[in-house]
Amino acid sequence: MTVGQRIAQKRKELELSPAILGARLDVSPQTVYNWENDISLPNASEFIVLSKFFSVSTRWLLGMEESDTELTEEQLTQLLAVVHPYLAAKPKEIPAAPTHKKWVRPLLCIFLIVLLVLLWNLFQSVQHLQNDSSNLFNSIAQMNQSLSSEINNITNQVTYVLEQQNQLISQYDVQVETMDLTANTVTFAVSATPKTYIDGMTATFAADNGEGDVVTADAVLGANQTYSAQITCPLTDHISIRAFFQSGDTQETQQLEEFHSLYLNTFPKAGIRDSLWGSAKTRKDGRFQFADTQIDVSLSSSSVPVVNESAPTHPELQSIRVGLFRNQKLVTWCEPDKDYSDLQAQDTLSYHLPDNLWLEPNGVYCTAAVLTDTIGREYVVPCYLPVEYNAAENFVDHSGSIPESEWEY
């Protein structure tokens, strides 16, 4: 398998869409698509993050595995090319004079036996050469693996030493304490112990939600020179927590923790897939119609990290609509195959496009589910297989090309 196929395999095993995987890794869905389709490769740091996220080694992601020792098709072709001249050199039987006919067949048999022995020896020599080459390749691969492991160990040790030397804090803890989805806020409990405590030192914690909102909270000094505080900030998918230590005119700061996909994980989960790109019918005026109109939506429960009974942090799915969009503008709502009034009892919902729906060509079409949860929040889950149709090329794949702009419906 290629690197992209291995990333796609692990993502599907975790039942994550490209968008959710991108959010977890702090990259765009387009980047995930490029990885999985071998358009581009992750950089070194992204390889490390991917291996930790998927709980596999970077060696596995790179596909550096031992090769098969059997002859390949190319090597077999080369062997036949070597043997062929011997077969071509086999003399044609020439009628001998009647007086010598009794000697022809024994001589011919001896010649054929000698030829077969030579060919067998040649084949054995080629096979031994192939085995030696395979053994050499395996030895080089093992040496490369060992060297890579040593380099990684040294790199990790150096990184750890440098990080420890630059640390201002001996220990810290950051926990999500509560969420209030009605107010769209999250509260963190933060504590930190400076590596070097100075009398009169003060500490402040700051939460940056990545959208220009930075909230600070003055910390309280407790036992063992540990500062602690609660800090509440707007809930987003990219929140970083920092600590500031003030001693006289000197202020020092250190990043404590980063939180990704907190906001995304508060929504009930859903995935959508279709097969619209399979084939189409076309009219003379250029308009077309999808031949396969089936659309499936899979549902799963929310994975909110903290549940606060005083605030609705675990909303359920209240309603769902599935639509066909052209350039992210609604074309038509799809029709459910049956009554889905009790959404909590459903795992998979099936929809289909309306009958006799003829569409304009040369637009990027995509199905998407519009979901509303029990606290009134509405969000869109697109199918990441958008397609464009024209009469000359049939369907053109636009996977991963959906911009993060507003959906119109």
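Along the sequence shown, the residues carry numbers beginning at 1.
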- Task: Please round to the nearest 0.5 Å and tell me the distance separating atom CG of L168 and atom OG1 of T196.
- Result: 8.5 Å
- Between R287 and E360, does at least one N-O distance fall below 4.0 Å, as a salt bridge requires? yes
- If every non-hydrogen atom of I169 is compared with every non-hydrogen atom of Q171, which pair is closest and at what distance? CG2-O, 2.9 Å
- Query: So, Q127 versus N131: side-chain donor-acceptor pair below 3.5 Å or not?
  - Reply: no
- Query: Strictly by modelled atom types, are T185 and D180 linked by a side-chain donor-acceptor pair under 3.5 Å?
  - Reply: no
- Flag the pair V331 / Y365 as yes when at least one side-chain heavy-atom distance between them is below 4.5 Å, and no otherwise. yes
- Query: Are the side chain of N209 and the backbone of E211 linked by a donor-acceptor contact shorter than 3.5 Å?
  - Reply: yes
- Task: Report yes if the side chains of D373 and Q318 come closer than 4.5 Å at any heavy-atom pair, otherwise no.
- Result: no
- Query: Hey, does the side chain of S298 reach the backbone of T348 with a donor-acceptor pair shorter than 3.5 angstrom?
  - Reply: no
- Give a yes or no on whether the backbone of E177 and the side-chain of T187 come within a donor-acceptor separation of less than 3.5 Å. no
- Determine yes or no for a side-chain-to-main-chain donor-acceptor pair under 3.5 angstrom, with S247 supplying the side chain and T250 the backbone. no
- side-chain contact (heavy atoms from CB on, under 4.5 Å) assessment of E36 paired with V32: CA-CA 6 Å; E36 293 186 355; V32 175; 3.7 Å; yes
- So, N224 side chain and T226 main chain: donor-acceptor pair closer than 3.5 Å or not? no
- Message: Please find the pair of heavy atoms, one from C334 and one from L353, that lie closest to each other, and give the distance.
- Response: SG-CD2, 3.5 Å
- Assess whether side-chain contact (heavy atoms from CB on, under 4.5 Å) is satisfied between L262 and T236, documenting all intermediate values. CA-CA 6 Å; L262 279 181; T236 66; over 6 Å; no
- Query: Which class fits the ring pair Y351 and Y340: parallel under 30°, tilted 30 to 60°, perpendicular over 60°?
  - Reply: tilted
- Distance-only donor-acceptor check, side chains T266 and R377, under 3.5 Å: yes
- Do C383 and I295 have side chains that get closer than 4.5 Å, going by heavy atoms? no
- Using atom types as modelled and distance alone, determine if a side-chain donor or acceptor of T374 lies under 3.5 Å from a backbone N or O of E316. yes
- Task: Mind running side-chain contact (heavy atoms from CB on, under 4.5 Å) on I7 and F54 for me, showing each step along the way?
- Result: CA-CA 9 Å; I7 294 174; F54 290 143; 4.1 Å; yes
- If every non-hydrogen atom of A368 is compared with every non-hydrogen atom of P382, which pair is closest and at what distance? CB-CA, 3.8 Å
- Message: Ring-plane angle category for H260 and H238, please: parallel below 30°, perpendicular beyond 60°, tilted otherwise.
- Response: perpendicular
- Message: Run the salt bridge (Lys or Arg N to Asp or Glu O under 4.0 Å) test against R242 and tell me which residues pass, sequence neighbours left out.
- Response: none
- Message: Contact between D237 and F259 at the side-chain level, heavy atoms closer than 4.5 Å - yes or no?
- Response: no
- Item | Flag if over 12 foreign heavy atoms under 6.0 Å of CD, E15 | no
- Message: Looking at every non-hydrogen atom in both residues, tell me the closest pair between A369 and I272 and how far apart they are.
- Response: N-CD1, 3.9 Å
- Working to the nearest 0.5 Å, report the span between CG of D208 and CD1 of I239. 9.0 Å
- Query: Would you say the side-chain atoms of N37 pair up with the backbone N or O of I39, donor to acceptor, closer than 3.5 Å?
  - Reply: no
- Kindly compute the distance separating CG (L330) from CG (L324), expressed to the nearest 0.5 Å. 8.0 Å
- Item | 4.5 Å side-chain heavy-atom contact, H352 and D337 | yes
- Message: Could you tell me if the side chain of F188 sits less than 4.5 Å from the side chain of Q175, heavy atoms only?
- Response: no
- Query: Is N34 reaching over with its side chain to a backbone N or O of S40, donor-acceptor style, under 3.5 angstrom?
  - Reply: no
- Side-chain contact, heavy-atom cut-off 4.5 Å: T178 with V186? no
- Message: Main chain of G4, side chain of D38: is a donor-acceptor contact present, judged purely on distance under 3.5 Å?
- Response: yes
- Nearest heavy-atom neighbours spanning V27 and E46: CG1-OE2, 4.1 Å
- Item | Point-to-point distance, once rounded to the nearest 0.5 Å, from OG of S17 to CZ of R11 | 7.0 Å
- Message: When you compare the side chain of F245 with that of P194, does any pair of heavy atoms fall below 4.5 Å?
- Response: yes
- Between the OH atom in Y379 and the OG1 atom in T372, the distance rounded to the nearest 0.5 Å is 8.5 Å
- Query: Going by atom types only, do Q5 and Q9 share a side-chain donor-acceptor pair under 3.5 Å?
  - Reply: no
- Query: Is NZ or CZ of R24 both nearer than 6.0 Å to the six-membered ring centre of F53 and within 45° of the ring axis?
  - Reply: no
- Message: Ring-plane angle category for W333 and Y409, please: parallel below 30°, perpendicular beyond 60°, tilted otherwise.
- Response: perpendicular
- Message: Let's go through L181 and F267 carefully: what are the C-alpha distance in whole Å and the side-chain angles of both, what is the deciding distance for side-chain contact (heavy atoms from CB on, under 4.5 Å) to 0.1 Å, and is it a yes or a no?
- Response: CA-CA 10 Å; L181 299 185; F267 289 98; over 6 Å; no
- Note on the structure: For A206 and T216 the tightest heavy-atom approach is CB-CG2, 3.9 Å
- Does the separation of the ring centres of F288 and W358 fall below 6.0 angstrom? no
- Task: Starting at CD1 of I241, measure out to CG of L256 and round the result to the nearest 0.5 Å.
- Result: 7.5 Å
